[in-house]
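Scope of the values below: all heavy atoms of this structure, side chains included, with no hydrogens, waters or symmetry mates. Throughout, protein chains are lettered first and strands after them, A, B, ... in sequence-line order, and every chain is numbered starting at 1.
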Amino acid sequence: MASAFADTLRRRILEFYDARARDLPWRREADPYRVWVSEMMLQQTRVEAVIPYYERWMRRFPTLDDLADADVDDVLREWQGLGYYARARNLHRAARLVRERHDGRIPADPETLRQLPGIGDYTAGAIASIAYGVPTPAIDGNVRRVFSRLLDDPDPAPAELRRTVAALVPEDRPGDFNQALMEFGATVCTPRSPACDRCPVQTLCRAYANGTVAERPRPKPKKALPEDDVATAVLVAPSGRFLLTRRPEAGLLGGMWEFPGTTVRPGERIADAARRAAIEALGDTTGTHAAVAAVAPVPLGAVVHTFSHRRTTYHAFRLELDNEPANHDAAASSAGRAWVAPGDITGYALPAAQLRILAMAREDGGSGRYDTGA
DNA sequence: CAACCGTGGAA
DNA sequence: TTTCCAAGGTT
């Protein structure tokens, strides 16, 4: 139906965008690489949180070649604090794939984009429409919410929603239209307390007419967060270096560095678990097991951290070795283990909770202080 | 398809 | 303090 509804919606949403669009760093030029990076960072992440990361990223990796040439550890270091670290790993891997399979040119076709790691339906549509002017929809949480209200549908079916939006995307300004819908959802048709009194499409909104705006879309039932306890060992050498280990690529915080830690077993004393974490992290090749076993773990305190799907309490302990361990080389970091001098810590990508543990370790200052923490 | 995957700001 | 949840993707 090439209806009055469609025409009015297109016109008013684009008028809104022309008048109210925020001046965001990635909107200054439609370079495909810049659009791609911004869309990856914006996945499940607020605009305000992304801006400083985007600016820094573009100074560090100005082009796709700069990114493809970089080590994954440098990429993760740049992503540190932004969360969902698989995004950074996927972006890095995809950059190399683009160079190998697409002659270094980011594809314009949504289906081709969709094949790259980290790019799903939304991101493929966003890159194609914004960077290349391809008339294809880009349906994110904002767009879903906007149409849930416009149609007064508590739970729009993805396939039908896609058809609906696709029929509305204008041939001349597809990227602006997609961004306009998102901008509208983010600044006017917000999840809580939407600004219906200054809504440019209020007269088109069935939920507004029915008084159901606050109930659209229907929220998903929330699940309780599992909790666990992790004993963390801040293992310090006489030189002041401390041990970091790299997490496996798959799973939580994949590829990030951390102080050695282990989940506390039922009935196990937390200090014993911390010592066990240190011993397991040192591996079989070192002769320091006995030394670790003889050291008394000094409690530094606890850090409670809420992830997307679980709450973890890190119980941190300082363990000071009497003798300097052998392998100090940075080359050892390839083995996923590194003795790091305090001044070199900025070279390692650490998750938020680990940075808090590091701060506690520095406050404690070392030998002789016995802060039992919380 | 449901679970997994971070972080921090707002209410 | 707790709850919500944000320009989603992968398995």
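A heavy atom lying under 4.0 Å from DNA chain B marks none of the residues of residues 51-63 of chain A. Near DNA chain B, meaning a heavy atom under 4.0 Å away, there are no residues from residues 21-31 of chain A. Of the residues in residues 131-153 of chain A, none lies under 4.0 Å from DNA chain B by heavy-atom distance.
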Anything under 3.5 Å between a protein N or O and an N or O of nucleotides 8-11 of chain B, put it in a table, one pair a line.
none

Table of protein N/O atoms under 3.5 Å from nucleotides 1-3 of chain B N/O atoms:
none

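Spacing between B:dA3 and C:dA7 at atom P, rounded to whole Å, works out to 24 Å. Between the C1' atoms of B:dG9 and C:dG9, the separation comes to 23 Å (whole Å). Comparing C:dT1 with B:dG8, their C1' atoms are spaced 15 Å from each other, to the whole Å.
Note that CG of A:Leu161 is 8.0 Å distant from CG of A:Leu151, once rounded to the nearest 0.5 Å. In this structure, A:Trp57 CH2 and A:Arg59 CZ are separated by 13.5 Å, a value rounded to the nearest 0.5 Å. Expressed to the nearest 0.5 Å, how far CG of A:Leu91 lies from CZ of A:Phe61 amounts to 9.5 Å. Here OG1 of A:Thr136 is found 8.0 Å from CD of A:Glu111. Values are rounded to the nearest 0.5 Å. From A:Ile106, atom CD1 reaches atom CG of A:Leu116 across 9.0 Å, with rounding to the nearest 0.5 Å. Here the straight-line distance linking atom CD of A:Gln354 with atom CH2 of A:Trp257 works out to 12.5 Å at 0.5 Å rounding.
At a threshold of 4.0 angstrom between heavy atoms, the contacts of A:Ile119 are confined to the sugar-phosphate backbone, with no base atom among them. Nucleic acid contact class of A:Asp121 (heavy atoms, under 4.0 Å, all strands): sugar-phosphate only. Within the nucleic acid shown, A:Pro219 has no heavy atom closer than 4.0 Å to any nucleic acid atom.
Classification of A:Arg310 and A:Glu227 as a salt-bridged pair fails, no side-chain N sitting under 4.0 Å from a carboxylate O.
Counting non-hydrogen atoms of neighbouring residues, nucleotides and ligands closer than 6.0 angstrom, the CZ atom of A:Arg101 reaches no more than 12 such neighbours. Remark: A:Arg206 CZ is loosely packed, at most 12 non-hydrogen atoms of other residues, nucleotides or ligands lying under 6.0 Å away. Surrounding CZ of A:Arg27 are more than 12 heavy atoms belonging to other residues, nucleotides or ligands, all under 6.0 Å away.
The distance between atom CD of A:Gln80 and atom C1' of B:dT7, rounded to the nearest whole Å, is 12 Å. Taking atom CZ on A:Arg311 and atom C1' on B:dC5, their separation rounds to 17 Å, with Å as the unit. What separates CZ of A:Phe307 from C1' of B:dC5 is a distance of 10 Å, to the nearest Å.
Put simply, A:Leu253 and A:Leu225 are part of two different groups of oily side chains (I, L, V, M, F, W, Y) that touch within less than 4.5 Å, one to the next. Connection of A:Val50 to A:Tyr84 is not established within any shared hydrophobic cluster, with ILVMFWY side chains joined at heavy-atom distances below 4.5 Å, either directly or through further cluster members.
One side chain, A:Arg311 or A:Thr306, offers a donor N or O that lies under 3.5 Å from an acceptor on the other.
The nearest heavy atom of DNA chain C to A:Tyr84 and to A:Arg93 marks one nucleotide each, and the one closer to the 5' end goes with A:Tyr84.
In this structure, A:Arg20 forms no cation-pi arrangement with A:Phe16, as its terminal cationic atom is not both closer than 6.0 Å to the ring centre and no more than 45° off the ring axis.
Counting 5' to 3', DNA chain C first comes under 4.0 angstrom of a heavy atom of chain A and last does so at the ends given by C:dC4 to C:dT10.
Aromatic ring orientation, A:Trp26 versus A:Tyr54: perpendicular (interplanar angle above 60°, classes split at 30° and 60°).
Results of the ring-ring contact (aromatic ring centres under 6.0 Å, His included) test with A:Phe259 over A:Tyr348, A:Phe242, A:Phe317 single out A:Phe242 as the only residue that passes.
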Verify side-chain contact (heavy atoms from CB on, under 4.5 Å) between A:Phe177 and A:Leu168, making sure each step is shown before the conclusion. CA-CA 9 Å; A:Phe177 179 75; A:Leu168 292 167; 4.0 Å; yes
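Nearest heavy atom pair, residue A:Ser148 against residue A:Arg216, reads OG-CB, 3.6 Å.
In this structure a side-chain-to-backbone donor-acceptor pair under 3.5 Å is present from A:Arg77 to A:Thr346.
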